[in-house]
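Have a look at the structure below before the remarks.
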Amino acid sequence: MKVLIVGGGGREHAIAMSVKKSPKVEKLYCAPGNAGIAKIAECVPIKVDEFEKMAAFAKDNAIDLTIIGPDDPLAAGIVDVFERENLRVFGPRKNAAILEGSKAFSKDLMKKYGIPTAAYENFDDPAAALAYLETASYPIVLKADGLALGKGVLICQNKEEAQEGVKSIMEDKKFGSAGNRMVIEEFMTGREVSVLSFVDGKTIKIMSSAQDHKRAGDGDTGLNTGGMGTFSPSPFYTPEVDAFCQEQIFQKTVDAMREEGREFKGIIFFGLMLTEKGPKVLEYNARFGDPEAQVVLPRLKNDLIDIVEACIDGTLDQCEVSFEDNAAVCVVLASDGYPVSYEKGFEIKGLENFDGKEDYFCFHAGSAEKDGKIVTNGGRVLGITATGDDLKQAREKAYKATEWVQFDNKYMRHDIGKAIDEA
Ligand code: AMP
Ligand code: GLY
């Protein structure tokens, strides 16, 4: 079959790597892709927000299956456009992608269906939000309602900071129209775990757990980023935690969406906080996490195409989703200055060191080809993943492999997976 992947980051490279292994796939396209993906797929210069063009390409090239990677096109309804054209596509429709696209929606859903999450209030008027801050307790968390590249969350230590935050989100529109509404919620403490899952509208099968490192600097300092590194599985996602989540969170979410007339087919990514009072949902995403996908997919035993097709056909209950009994660590190599401002266009050297190595992966997040050379083309440039027998071995291997590639202004965190030592 012919498969098209929409997107062009590390997540899409990891999906492409996984899809490429399927004996069912004879031709793989990626739009727009990047210089790393171009080694295993034919990249097509169509942007992720050009839905009609994308669907026309799928039609003209007799694509059998399209897999949507990023959140923005899902939230804006790319799946609906494909379905209108009778094209087979994997991902939630617009009315279900709202699970990630609106934090106010997801908070109301959790409240209505008794899914554990932080206490909150929604606001569409800055004056009401400011009034609420007068009697709130601190620290407190402010969230722009809409998609904001993973950056629309402010943790405020006191009333003054929170007042500034409300103004910047709702009045100055720091995150654009994402800030037309906002959620103000209780600050929680605990370990964070990412659990990704396949969903066919009624059945949910979870993937092996992972943990991200969102802050830019060592020791969880600096600004929030898209994610600076991941490991999988999380040793903190114990069988007890899993049992709780299966009963109180996962199936309840899928059932709630169906109940609301918003049947969800695709990936639900549960951002969980393991609090003293038990696991609670921090956020939902309607897609694979990035860089979570870069540690989870290399460990997947199944043919990804089989699971994706089962999700579309509503037969996921007949699939057993299983993972290798190993571990993976991903260290992101970024451009110095990310997530604020950084230079691009530096040659990346040493990529050939990954050739032919089964337990090392160099996923491209922001790269491009220029004059026959591969150059940096984004804030996050590469995701260096290694698998190992256990987390410590995987971490050692991943850090060793970060030395195999060089480019100017290369920046990384040195403490990805430090939590492993505390497990
Ligand atoms: P989100 O985009 O909702 O995942 O938020 C980004 C990050 O902000 C999360 O990964 C947490 O580290 C932090 N965060 C979000 N909500 C809360 C909360 N209620 N309490 C504490 N930290 C939070
Ligand atoms: N790594 C977090 C995300 O994909 O949203």
Side-chain angles (χ1 to χ4, degrees), residues 1-44 54 57-69 79 82 86-91 196-200 203-208 232 265-267 287-288 290 292-328 330 351-352 354-364 383 385-388:
M1 63 198 284
K2 292 184 180 176
V3 176
L4 167 66
I5 297 169
V6 172
R11 163 184 44 221
E12 287 74 27
H13 196 174
I15 295 171
M17 177 278 300
S18 209
V19 165
K20 190 77 185 173
K21 286 194 288 196
S22 171
K24 299 192 176 74
V25 176
E26 74 205 46
K27 177 81 187 169
L28 181 59
Y29 296 93
C30 188
N34 63 38
I37 296 172
K39 298 261 181 250
I40 55 171
E42 184 175 330
C43 292
V44 186
M54 197 72 86
F57 174 84
K59 254 205 153 135
D60 293 346
N61 290 277
I63 300 294
D64 300 292
L65 171 67
T66 300
I67 300 174
I68 314 295
V79 168
F82 270 64
N86 290 316
L87 289 161
R88 204 162 154 79
V89 57
F90 179 62
L196 280 56
S197 66
F198 296 103
V199 181
D200 74 351
T203 300
I204 176 165
K205 295 273 167 93
I206 69 158
M207 299 181 222
S208 186
S232 171
K265 288 187 177 199
I267 306 289
R287 49 162 176 91
F288 280 106
D290 191 3
E292 282 87 345
Q294 301 179 45
V295 284
V296 172
L297 287 175
R299 302 184 50 233
L300 178 67
K301 277 189 176 173
N302 303 64
D303 182 332
L304 180 60
I305 295 292
D306 288 343
I307 313 178
V308 163
E309 297 220 271
C311 287
I312 297 172
D313 296 336
T315 55
L316 188 61
D317 58 333
Q318 291 157 36
C319 265
E320 179 145 5
V321 176
S322 58
F323 286 82
E324 303 284 354
D325 185 20
N326 62 359
C330 171
L351 292 166
E352 67 285 355
F354 289 85
D355 292 347
K357 295 195 174 75
E358 259 186 12
D359 42 353
Y360 292 91
F361 304 83
C362 178
F363 295 118
H364 290 226
T385 295
T387 55

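Excluded from the calculations below are hydrogen atoms, water molecules and symmetry mates; all remaining heavy atoms, backbone and side chain alike, are included. Worth saying up front: this structure is predicted, and the values here are computed from it rather than measured. When a residue number appears, it is its place in the shown sequence, counting from 1.
Ala293 and Ala14 make their closest contact through O-CB, 3.8 Å (heavy atoms, listed as atom of the first residue, atom of the second, distance). Closest approach of Asp306 and Cys319 over heavy atoms only: O-SG, 4.4 Å. Minimum interatomic distance between Ser22 and Asp303 (heavy atoms only, all atoms of both residues): OG-OD2, 2.8 Å. Cys362 and Leu351 make their closest contact through SG-CD2, 3.7 Å (heavy atoms, listed as atom of the first residue, atom of the second, distance). Scanning both residues, Val296 and Ser208, for their nearest heavy atoms gives CG2-O, 3.7 Å. Of all heavy-atom pairs between Gly388 and Asn326, the closest is O-CB, 3.1 Å.
Note that SG of Cys30 is 8.5 Å distant from CD1 of Ile15, once rounded to the nearest 0.5 Å. In this structure, CZ in Phe90 is found 7.0 Å from CD1 in Ile67, a value given to the nearest 0.5 Å. Rounding to the nearest 0.5 Å places OG1 of Thr315 at 11.0 Å from CD1 of Ile307.
Side chains of Arg11 and Arg287 form a contact here, defined as non-hydrogen atoms less than 4.5 Å apart. Proximity of Phe323 to Leu300: side-chain heavy atoms (C-beta onward) are separated by under 4.5 Å at one or more points. Val44 has its side chain out of reach of Met54: every pair of non-hydrogen atoms, C-beta onward, lies at least 4.5 Å apart. Using a 4.5 Å cut-off on side-chain heavy atoms (C-beta onward), Leu87 and Ile63 make no contact. Residues Leu304 and Phe198 have side chains in contact (heavy-atom distance under 4.5 Å, counting atoms from C-beta outward). Residues Leu297 and Phe288 form a side-chain contact, since some pair of their non-hydrogen atoms from C-beta on lies under 4.5 Å apart. Residues Asn302 and Ser322 meet the side-chain proximity criterion, which asks for heavy atoms closer than 4.5 Å.
Residue Glu352 places its CD atom among more than 12 non-hydrogen atoms of other residues, nucleotides or ligands, all under 6.0 Å distant. Residue-environment remark: NZ (Lys2) exceeds the threshold of 12 foreign heavy atoms within 6.0 Å. Counted within 6.0 Å of CD on Glu26, heavy atoms from surrounding residues, nucleotides or ligands total more than 12; the atom is thus considered enclosed.
In this structure a side-chain-to-backbone donor-acceptor pair under 3.5 Å is present from Arg299 to Glu324. Formation of a donor-acceptor pair under 3.5 Å by the Lys265 side chain with backbone atoms of Ile312 is found in this model. Lys205 contributes a side-chain N or O that, together with a main-chain N or O of Leu316, makes up a donor-acceptor pair within less than 3.5 Å. Without hydrogens or angle criteria, Glu292 side chain to Asp290 main chain gives a donor-acceptor distance under 3.5 Å. Panel note: side chain Lys24, backbone Ile305; no donor-acceptor pair is recorded below 3.5 Å. The backbone N or O of Ala35 lies less than 3.5 Å from no partner atom in the side chain of His364, so there is not a single donor-acceptor pair.
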Verdict with supporting geometry, Asp313 and Arg88, side-chain contact (heavy atoms from CB on, under 4.5 Å) = CA-CA 10 Å; Asp313 296 336; Arg88 204 162 154 79; 3.1 Å; yes
query = Do Glu12 and Asn34 pass the side-chain contact (heavy atoms from CB on, under 4.5 Å) test, and can you show the C-alpha distance, the side-chain angles, and the key distance before you say yes or no?
reply = CA-CA 9 Å; Glu12 287 74 27; Asn34 63 38; over 6 Å; no
request  = Quick one: do Thr66 and Val79 satisfy side-chain contact (heavy atoms from CB on, under 4.5 Å)? Show the steps, please.
outcome  = CA-CA 9 Å; Thr66 300; Val79 168; over 6 Å; no
ask   = What do the steps show when you test Met17 against Phe363 for side-chain contact (heavy atoms from CB on, under 4.5 Å), and what is the final call?
value = CA-CA 9 Å; Met17 177 278 300; Phe363 295 118; 3.9 Å; yes
request  = Tell me, with the steps shown, if Lys301 and Asp325 meet salt bridge (Lys or Arg N to Asp or Glu O under 4.0 Å).
outcome  = CA-CA 10 Å; Lys301 277 189 176 173; Asp325 185 20; over 6 Å; no
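There is no side-chain donor-acceptor pair under 3.5 Å between Thr387 and Asp359.
A salt bridge is absent between Asp64 and Lys27; no separation between the charged side-chain nitrogens and carboxylate oxygens falls under 4.0 Å.
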